[in-house]
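Letters A, B, ... are given to chains in the order of the sequence lines, protein chains preceding strands, and every chain is numbered from 1.
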Amino acid sequence: MNIIESDVTRATADDTWLKSSCSLCYGTCSILAHRVDGVVIKVEGNPDSAVGKGRLCGKGVGGLMTHYDPHRLRVPLHRTNPRKGFNEDPGWKQISWDEALDEIAAHLRRIRAEDPRKLVVQRTTTVTASRAPSQAFVAAFGTPNFSTAGGGLHCGNGAHVISGVMHASWSVVPDFEYCNYAIYFGASKGHAAGHASCSNMGKAADARFRGMKMVVVDPFCNFAAAKATEWVPLRVGTDAALALAMCNVMVNELKIYDTPYLQAKTNAPYLIGPDQLYIRDPKTQAPLVWDQESGTARPFTAVPSARMALRGSFTVNGVVGRPAFALLGEHLKKYTPERTEEITTVPAANIRRLAGEFAREARVGSTIVIDGVTLPYRPVAAIAFRGSQGHMNSVYNFLAVDLLNQLVGAADVVGSCLGFNPTCYGHPDTKLPYYVPKADADGLMVTGMWMGYHYPYPTNKPRMPSKQLGLQDVFTMGMTSPFLNSTDQEMLWEKFDVPYRPEMLINYGANLLMSIGNKDVVAESLLKYKFIVSFDLFLTETSVLADIVLPDCSYLQSVDSRSNFPFIFSLPAGLGEWCWPIRQAVVPPDGEQRRYADVLLELADRAGFRADLNAAYNATYDLQSPFRLEGDRKYSFDEICDADLRSHFGQERGLDWFKQHGLIKWPKKPEEVYWRPFVDVRVPIYWEFLKPLGEQIAAITEPRGLKIPRHYYQPLPDWIGCPSHACDAPGFDFYAFYYRDIIHTNSFTMENPWLDEAARLDPFSYTIAMNRASAEKRGLKHGALVWVETEKRRKVKGRLAVTEGIHPEGLGIAALAGHWGDGMPIAKGKGVFFNELLEVDWEHSSPVNLNLDLCVKVRVTAVETGQ
Amino acid sequence: MSATLRLPTADARSRPLLTAELVDGTEPGSNAIVPDRVIRVWLFGILSRFTTERPLILHLPATATFGEAIDTLAHRLGGQFAELVLQEPRKTFSHCRIFADGKHVENLNEAFERTTSASNIEMILVMAAEGG
Amino acid sequence: MRLGMVIDLKRCIGCYGCQIACKAEHGTPPGVFYARVLKREEGQYPNVKQFSLPVLCNHCEEPPCVDVCPTGASFKWSDGIVDIDHDKCVGCRACMMACPYNNRYFNDGNQNYFGDAGSTPFERARAARHPTGVVMKCNFCRDRVRAGKMPACVANCPTVARHFGDLDDPNSEVSRLIKERGGFNLHPEAGTKPSVYYLPA
């Protein structure tokens, strides 16, 4: 009678559930894939895993429609048309893998002999499993030019760097188990996409049910704001001002802050001289603090923290020194709620109320006992992410929000703002992985674990000439750089004596023409490459510019020994379990598809640098004897994964063990989760190193004609407007921004027909959200086709969705839609291509961390009939 | 685009680096400590361009530290090598991964394992900066 | 026994996990949703709320769809599940007119999600046996439930917003939640006594 035979009752020769990992976004939740007669008929969450806890979002549970997409690439392709451009048909011709690999290896050999830095490798952020193989490959080849494409550029430089400096982690979340009051600034953690996305959705729902109050500061009322107890709409890009005004109320009006925390866990007591630098001990160079008991200035290491002064003015070695906290208090005074209302549009009374609520809910001074351990209890958290940090002022935007946490000691203690697992004492059997934050000579925290080895703090010294095309040798706080694709890249490369030019690009899965900014700008940068190889699931808009396109395997056809490593990235924070899942192949490649990591190994063999790649894997995976890869032996990627697992979890737990079990887990200890009181490190509420860094950078750039705006390099954060705030051209009266949709990841999920179908039914996924009153004022109607245009005449077209849930000056566009290529026909023509509006140049990049400004001032006009 | 390459070129690489040149880095005839520790240095990735030999052999005093080995290496291989590896004297970049006999070197002031007279050093730069 | 579902709107974030989990479980054709998510907005700027409302067949205690079915294809099991016997359905669509909730769909022809590019191996394995010319709808994943599993949308929900159980048992989780949290039905005025309840946001 009913319709389909159920998978639960059916028994055939091949009827297996395999334990693996999702890859529809970088959250990488653990999955069970149900294979019957060689076909994956269902993907479910793996309830045994802490990553997703057996449940999946719409993207994850729909992943098999991406895997089975008939438009997937199945054979290697070579272009026959030497002319490249939007309107040039590449004339794709099928070639054999041997031909493809030989040609690519020949280019690699030549470039590696000439100058390996001419190779650029970039990867999509969607597939976390591509990180380690890509990093190993570029290290082995010898190029510093590696990029995480648009996904990395648009959220990497502020949120992750500052989370690293302040929380030794890639990102931050509220301690959902204990937090009572969370305030989000342009973040959706637990309510849509993101790190540990499904786990956080469950945890946030539990917190909501428990009664956690959540205030969401955001120009758009969606996702987190839709579930908030209070939505606080603000003018786009003004988050820092609001956060600083709240800090001002807390410090100067309410006088609520956590003195013992500030004394012991931050540089608040460090004495600052008139030059804005630490006053240092002449002998040891250690920063000095004022010892209130002896009435003398002494090195911070020599004074019990409770005796360190936070206020006052002291004469030390002939100069007047003031504790950093005293300077912060004075600095904050300019952010009066009244002045801040003008900047943010948030009423002054609300700013005062929010600050009071946050400060009082922090319960400064309280403790709680968990598993017999007495711990500080600060059940408040201020959280920021892509929305607030996606501006030129991303450093201060993020730092200003985190200052709220730091002022009340709500950092990595019970109920507070938590990093994602910055301290791990390892599996009980092997004590691996083991990492703990540590202090540098100034007592400031250095992260114990990172996504690579380019740590957020301490920053490297700026140097010339720049060896990296992204100029991160000069702008050393930059991670992913816009200059790989900017309009002014050649001018910048000349200025900074970059002694070579890029010739070859290896792209893994990124659709760069869509993901960075305006497509013409990005295309111009890509046309300069002599040779582009692209590993793709589909022919994308960007593949049109490639020379060779290689058919990639999907997540259901791939292997990865470390789906959720490092734990600072995407393992849920808070109490629970450490959990190390793997990915295994559920079905074989279709046609001639091959796995990326295997192909990289093969290329290293053909280009003659296998020994280097083995060594790079030893370094990247931190393999321990006797599991280190040796010489130039031709290991398969499966063998490398096997070595990784045995090295971390013991001889008996190799890839086969993990394929059977899917993961290994063990309980987290309270002193790992709430590590801050147990680790003797401080974090900077006063970024003393920033000003000298700015001067060092200016010393390089200014003689070369590139002015460094010093107000970005001050030790205390400020609100600095975006280019959009400076645009006062008549008619350009909306701040357009994009946001990450709950149903889409970057640009590629629009091709999944289930997700596309859901997005078409959603009021906002494929439309342009405008405030109702603002639309009425302009005579624009719901559903109208409109042009959105910037002052630089970049424009996109889309349908208007009129809503009460957006700031009157905001214009919200979801995700990375608006595909135009034929390789992804489901995605083609859907939604709005926001990034088309973005300039990619120095003028729109943060002079500190190279963050691209992601908001634009626009004019919105009805499309005339016939247009 | 005609910028001069700053890296050693293929020509420079063909210049033989004699093992003898590398012995303890002291001038011939000086009162050098008799070197009695053999260190085989394996340079990978971009660092491999600074020598045609892999491994490259160093002779150092038995009590040598990792830092002294890196200094000797930097001294022999020249400024550009040092620039890639050291952010300041005795301080390597965090992305410069050094392994002594298979163990990651955390502290350059530590000495080599006393129980052996021969050691292997592997060095590679893992420079990739992540975003997203 | 009366099987029913409780959807907690406080927990739901509108991620579409239920809608797509259902697609994956049943391989329903394009445009056919046994489960779907509606989005709506209430209030005026700045005092506005955005809601997600997951909907599915309400498995009414007094189902008008069953009453109007001329062939007996629409029927109710003794456990309360309202179902369709596709061998008996002639596709007259009277049930669709009768359903006050618009949760029945007509499968008017062989369709697949990639159109001319052809059906996928998944669709051939999962969806090929869907008869055409008949009405389709949610049956609370009857096969999964018989095998002791939760309906796909319930098992998958990342926010644990969906609960399933026996509404006749006053001690069941669903009965308890309805009582404690003030569970309500959609369109109670239609008088069909739905077995799907919602908890307030």
Side-chain angles (χ1 to χ4, degrees), chain A residues 26 113-117 121 125 131 134-136 138-144 146-149 151-157 160 446 450-455 460-461 463 465 467-468 470 472 478-481 494 497-501 609 611-612 615-616 618-620 622-626 628, chain B residues 1-14 40-50 52 54-55 79-89 91-107 113 120-132:
Chain A
Y26 51 75
E114 287 173 18
D115 187 337
R117 299 173 298 187
V121 177
T125 51
R131 179 182 69 94
S134 301
Q135 287 189 354
V138 296
F141 189 80
T143 177
F146 174 70
S147 164
T148 42
L153 179 62
H154 285 201
C155 87
N157 290 343
H160 302 318
V446 181
W450 199 238
M451 292 285 282
Y453 294 104
H454 183 286
Y455 295 140
N460 292 330
K461 279 209 183 79
R463 296 215 211 186
K467 296 174 199 69
Q468 298 184 65
Q472 295 99 325
M479 292 277 170
T480 296
S481 166
E494 270 173 32
D497 302 347
V498 176
Y500 63 96
R501 291 294 178 269
F609 62 99
D612 300 77
N618 284 336
T620 307
D622 203 15
L623 298 180
Q624 311 288 315
S625 294
R628 290 174 71 78
Chain B
M1 161 48 231
S2 60
T4 322
L5 296 183
R6 294 297 197 84
L7 281 175
T9 60
D11 282 351
R13 293 186 67 195
S14 64
R40 289 182 291 271
V41 181
W42 307 75
L43 300 177
F44 296 108
I46 199 156
L47 301 180
S48 69
R49 296 175 69 85
F50 291 91
T52 53
R54 191 155 76 190
Q80 289 181 23
F81 175 86
E83 206 177 293
L84 280 174
V85 169
L86 297 169
Q87 50 177 327
E88 51 193 77
K91 197 168 166 209
T92 50
F93 284 106
S94 57
H95 57 248
C96 175
R97 308 302 285 173
I98 305 169
F99 298 86
D101 297 321
K103 284 214 164 69
H104 176 232
V105 171
E106 306 240 9
N107 181 355
E113 198 61 58
N120 286 286
I121 282 192
E122 295 158 77
M123 284 178 77
I124 188 164
L125 303 184
V126 186
M127 291 186 74
E130 278 281 321

Legend entry - Residue part contacting chain B, namely of A/Phe609, when any heavy atom lies under 4.5 Å: neither
Inset, instruction - Heavy-atom distances under 4.5 Å only: say whether A/Ala149 touches chain B with side chain, backbone, both or neither. - result: neither
Inset, instruction - Kindly determine whether B/Met127 and A/Gln468 satisfy side-chain contact (heavy atoms from CB on, under 4.5 Å), including the steps that lead there. - result: CA-CA 10 Å; B/Met127 291 186 74; A/Gln468 298 184 65; 3.9 Å; yes
Given the options [options], which has more heavy-atom pairs under 4.5 Å with chain B than any of the others?
options	answer
A/Ala616, A/Ala136, A/Pro626, A/Ala611	A/Ala611
A/Gln624, A/Glu494, A/Arg131	A/Arg131
A/Gly470, A/Gly478, A/Ser147, A/Ala140	A/Ala140

Inset, instruction - Give, as side chain, backbone, both or neither, the part of B/Ile124 having an atom under 4.5 angstrom from any heavy atom of chain A. - result: side chain
Inset, instruction - Tell me, for B/Glu83 versus chain A, whether the close heavy atoms (under 4.5 Å) come from the side chain, the backbone, both or neither. - result: both
Inset, instruction - Give the minimum heavy-atom separation between A/Pro465 and A/Asp497, together with the two atoms involved. - result: CB-O, 3.3 Å
Inset, instruction - For B/Asn120 and B/Asp101, indicate whether the former's side chain and the latter's backbone hold a donor-acceptor pair under 3.5 Å. - result: no
Inset, instruction - For the pair B/Glu88 and A/Lys461, evaluate side-chain contact (heavy atoms from CB on, under 4.5 Å) and give the outcome as yes or no after the intermediate values. - result: CA-CA 9 Å; B/Glu88 51 193 77; A/Lys461 279 209 183 79; 3.5 Å; yes
Inset, instruction - Using the side chain to side chain contact (heavy atoms under 4.5 Å, CB included) rule, pick out the option among B/Glu122, B/Arg97, B/His104 that qualifies with A/Asn618. - result: B/Glu122
Legend entry - Donor on one side chain, acceptor on other, A/Thr148 and A/Thr125, under 3.5 Å: no
